[in-house]
Amino acid sequence: MSQYQAVKGTKDIFPEEVAQWKYVEGIVHTLASLYGFSEIRTPVFEYTELFQRGIGLTTDIVGKEMFSFQPDTKGRSVTLRPEMTAGVMRAALQYNLFSLAPVHKLYYIGELFRKERPQAGRQRQFSQFGAELLGVSSPAAVAEVITLMMQVFESLGLKELKLRINTLGDTEDRVRYREALQSYFVPFYEILDEASRERLEKNPLRILDSKNPVLQELVAGAPRLYDYLNDSSLRDFEKVLFYLAERNIAYDIDHRLVRGLDYYSHTAFEVTSSVLGAQDAIGGGGRYDGLARELGSSSDVPASGFAVGMERLLITMEKQGLLTTINPLRPLVYVVVQQQELVDHALTIAWRLRKAGIRTEIDLVARSMKSQMREANRIRASYALFIGKTEYTTGSYALKNLLTSEQTTLSLEDVLQVLHQPATKERINL
RNA sequence: GUGAUUGUAGCUCAGUUGGUUAGAGCGCCAGGUUGUGGCCCUGGAGGCCGGGGGUUCGAGUCCCCUCAUUCACCCCA
């Protein structure tokens, strides 16, 4: 075991896996732009207050999961971003995007950091892609982001995902519901676990989220937010459901879906994967009309968005056998040197092939010809090009098709021509 | 932060009630063809058995501590 290993909760992504990441990212870029979203890249760290304000002081993320530090001895505390939305909203407000146009549609792919104990599907550094639809307050907007998210899943071929959806109502609804919940739970104070007792004061909605089996019965009997919604909140939610039905997006209404971030209002949703284990949320999001005000905006900037965990997405794809067909690019031709004194000539040939746009590999550690051929086979090159005395003097090179074992002697120009034929470009995997 | 789990070769793992120079498969390197891969055969390199301390004549095996891993809780992607 080497002395140094990657920091707890982080991992290295090696070339084979990078090919898978690029594939998924490609789909995200394509579909996001199909839906009219443009990419934004914000800094990986922000002033700590941004997250405290934006995500909420009562959340676990802000309470105990942030990587915070001070870049300068007397400087302000900064924090590695634990989520994306606050940073995107900050950027939009800072540059006053809404003076240019009332609506902005932004998407992102980026790394996030949360100081949690790692486990299956959870790391301290992880990646999300997501989209934010800023400046519209409507069921159509939420439906828009949900639809985009679901189309990404569909395009990737994911199966057995479950979309759960709920409404949290507007601020007034929640104030009334909050009171109702508190008066329901207070008589059972003795039964509640420590975490729930704390939430009773700060954020009673979160008690509904508890997985504590002891509380299940109690939670099941709690009043439903749904019964406290005013007419316009109800109509809003029903409209969202209508859009989903219209687009053949299956969903389950889950009245207990609350989600951990304080800024949600009205629609909240979450997608889970049945193959993931304990951390089964693959994506989620909702509407957060109050966030901009929370960040000091003088005008309302209603918004909707979603975020999807890249690692969990890839784990799900892996388990569903959706990654086996994605392979990194293999070299097309392997230049084999037959006498060591011809190495320099071979390097020149390799360079010429590469200049001509042909993926070329060549041995750099003076290995035997047998080894070079084994290497060519190992990395699945399609062709071997032999550089020997005969070739050097005649200018004709032996080109061997490694799949069919056919070998022909050609001038370098003819070699280039053969290698440029599209039909010969990819070797079929054996 | 809490609980449990596992640390032996690059990888996956053996290693008997503590007993000589710690093994296998795969991978890697070389050779079997002095100019030709895959399959096969032969050989080789590579381990302070996670680290520290203790018990013992003797520890990979037992005890303690520590570090790390994994899974779960909490919560989330």
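Below, chains carry the letters A, B, ... as their sequence lines are ordered, and counting in each starts from 1.
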Item to complete: Find the distance A/Ile61:CD1 to B/A77:P and express it as a whole number of Å.
Response: 6 Å
Worksheet item: Does the pair A/Asp236 and A/Arg287 meet the rule for a salt bridge (charged side-chain N to carboxylate O under 4.0 Å, His left out), with working shown?
Response: CA-CA 12 Å; A/Asp236 186 288; A/Arg287 203 162 131 190; 2.9 Å; yes
Fill in: Same-atom distance (C1') from B/G25 to B/U21, integer angstrom
23 Å
Discussion item. Any N or O donor-acceptor pair under 3.5 Å from the base of B/C75 to the side chain of A/Glu65?
Written reply: no
Discussion item. Counting only Watson-Crick pairs (N1-N3 plus N6-O4 or O6-N4) and G-U wobbles (N1-O2, O6-N3), all under 3.5 Å, who is the partner of B/G25?
Written reply: B/C11
Worksheet item: Of all the nucleotides listed (B/G37, B/U36, B/U69), which has the minimum atom distance to the side chain of A/Phe386?
Response: B/U36
Worksheet item: Nearest 0.5 Å, what's the OG-CD1 distance between A/Ser273 and A/Ile282?
Response: 5.0 Å
Item to complete: Output the single nucleotide from B/A77, B/C75, B/G38 whose closest atom is nearest the side chain of A/Gln279.
Response: B/C75
Fill in: Distance between C1' atoms of B/G53 and B/A14 (Å, rounded)
28 Å
Worksheet item: A/Gln5 has a side chain; which of B/C73, B/U36, B/A68 sits nearest to it?
Response: B/A68
Item to complete: Please state how far atom CZ in A/Phe126 lies from atom P in B/C75, giving the value in whole angstrom units.
Response: 17 Å
Worksheet item: In the 5'-to-3' direction, what one-character label does each nucleotide of nucleotides 41-46 of chain B receive under the scheme B = base within less than 4.0 Å of a protein heavy atom, S = sugar-phosphate only, - = no such atom?
Response: ------
Worksheet item: What nucleotide among B/U33, B/C75, B/G35 has an atom nearest to a side-chain atom of A/Lys370?
Response: B/U33
Worksheet item: Among B/A77, B/A30, B/G37, which is the nearest nucleotide to the side chain of A/Leu402?
Response: B/G37
Response to the item:
From the candidates B/C75, B/G31, B/G38, the one with an atom nearest any side-chain atom of A/Asp60 is B/C75
Worksheet item: Under 4.0 Å between a side-chain N or O of A/Gln119 and OP1 or OP2 of B/C71?
Response: no
Practice prompt. Please state whether the base of B/G35 and the side chain of A/Thr390 form at least one donor-acceptor pair under 3.5 Å?
Written response: yes
Practice prompt. Please measure how far the P atom in B/G23 lies from the corresponding atom in B/C48, and state the result in whole Å.
Written response: 15 Å
Fill in: Gap in Å between the two C1' atoms, one belonging to B/A30 and one to B/A22, rounded
25 Å
Worksheet item: What interatomic distance, in whole Å, is found between P of B/G10 and the corresponding atom of B/A45?
Response: 15 Å
Item to complete: Specify the separation, in whole Å, of atom CG of A/Leu385 and atom P of B/G37.
Response: 16 Å
Worksheet item: In whole angstrom, what separates A/Leu158's CG from B/A77's P?
Response: 18 Å
Worksheet item: Can you find an N or O donor on one side and an acceptor on the other, under 3.5 Å apart, linking the side chain of A/Lys400 with the base of B/G37?
Response: yes
Fill in: Distance in angstrom units between A/Phe153 CZ and B/A77 P, rounded
12 Å
Worksheet entry | Closest to side chain of A/Ala120, choosing from B/U36, B/A77, B/C71 | B/C71
Worksheet item: Among all residues two or more places apart in sequence or in another chain, which pass the side-chain contact (heavy atoms from CB on, under 4.5 Å) test with A/Tyr392?
Response: A/Leu342, A/His345
Worksheet entry | Polar side-chain atom of A/Arg124 near backbone of A/Val7 as donor-acceptor pair, under 3.5 Å | no
Worksheet item: Counting any heavy atom closer than 4.0 Å, what does A/Gln407 reach on the DNA or RNA strands: base, sugar-phosphate only, or nothing?
Response: base
Practice prompt. Determine the contact category for A/Gly121: base if any of its heavy atoms lies under 4.0 Å from a base atom, sugar-phosphate if only primed atoms, P, OP1 or OP2 are that close, otherwise nothing.
Written response: base
Practice prompt. Can you tell me the distance, in whole Å, between the CZ atom of A/Arg114 and the P atom of B/G1?
Written response: 18 Å
Worksheet item: How far does the P atom of B/A9 sit from the matching atom of B/U5, given to the nearest Å?
Response: 22 Å
Discussion item. What I want to find out is whether A/Glu25 reaches A/Lys22 closely enough, with some N-O distance under 4.0 Å, to be called a salt bridge.
Written reply: no
Discussion item. Using the C1' atom as the point on both nucleotides, what is the distance between B/U16 and B/G60, in whole Å?
Written reply: 13 Å
Item to complete: Hey, could you give me the CD/CD distance between A/Glu311 and A/Gln279, rounded to the nearest 0.5 Å?
Response: 13.0 Å
Discussion item. What I want to find out is whether A/Arg354 reaches A/Glu361 closely enough, with some N-O distance under 4.0 Å, to be called a salt bridge.
Written reply: yes
Worksheet item: On a plain distance test, is the side chain of A/Gln338 in donor-acceptor contact with the base of B/U36 below 3.5 Å?
Response: no
Discussion item. By nearest heavy atom, map A/Lys64 and A/Glu391 onto RNA chain B; which one lands nearer the 5' end?
Written reply: A/Glu391
Item to complete: Using atom CD of A/Gln339 as one end and atom P of B/G35 as the other, report the distance to the nearest whole Å.
Response: 7 Å
Item to complete: Starting at atom CG of A/Asn377, determine the distance to atom P of B/G27, rounded to an integer number of angstrom.
Response: 13 Å
Worksheet item: Hey, does the side-chain of A/Ser371 have a donor or acceptor N/O within less than 3.5 Å of a partner on the base of B/G37?
Response: no
Worksheet entry | Nearest-0.5 Å distance, CG of residue A/Asp173 to NE2 of residue A/His266 | 7.0 Å
Fill in: Neighbour count >12 (heavy atoms, 6.0 Å) for atom OH, A/Tyr226
yes
Practice prompt. Look at the side-chain N and O atoms of A/Thr59 and state whether any lies under 4.0 Å from the OP1 or OP2 oxygen of B/C75.
Written response: no
Fill in: Distance-only donor-acceptor test (3.5 Å): side chain A/Arg367, base B/A30
no
Discussion item. In whole Å, measure the gap between the C1' atoms of B/C75 and B/C11 for me.
Written reply: 34 Å
Practice prompt. For the residue pair A/Val145 and A/Tyr35, establish whether any side-chain heavy-atom pair is separated by less than 4.5 Å.
Written response: no
Discussion item. Within the 4.0 Å heavy-atom criterion, would you say A/Glu270 contacts the bases, only the backbone, or no part of the nucleic acid?
Written reply: nothing
Worksheet item: Pick the nucleotide of RNA chain B nearest each of A/Gly9 and A/Arg122; which residue has the one closer to the 5' end?
Response: A/Gly9
Item to complete: Find out whether A/Arg352 and A/Val415 are in side-chain contact, i.e. whether some heavy atom of one side chain is under 4.5 Å from a heavy atom of the other.
Response: no
Worksheet item: So, is A/Gln372 near the phosphate of B/G35, with a side-chain N or O under 4.0 Å from OP1 or OP2?
Response: no
Item to complete: Select one nucleotide: of B/U36, B/G32, B/U2, the one nearest the side-chain heavy atoms of A/Arg117.
Response: B/U2
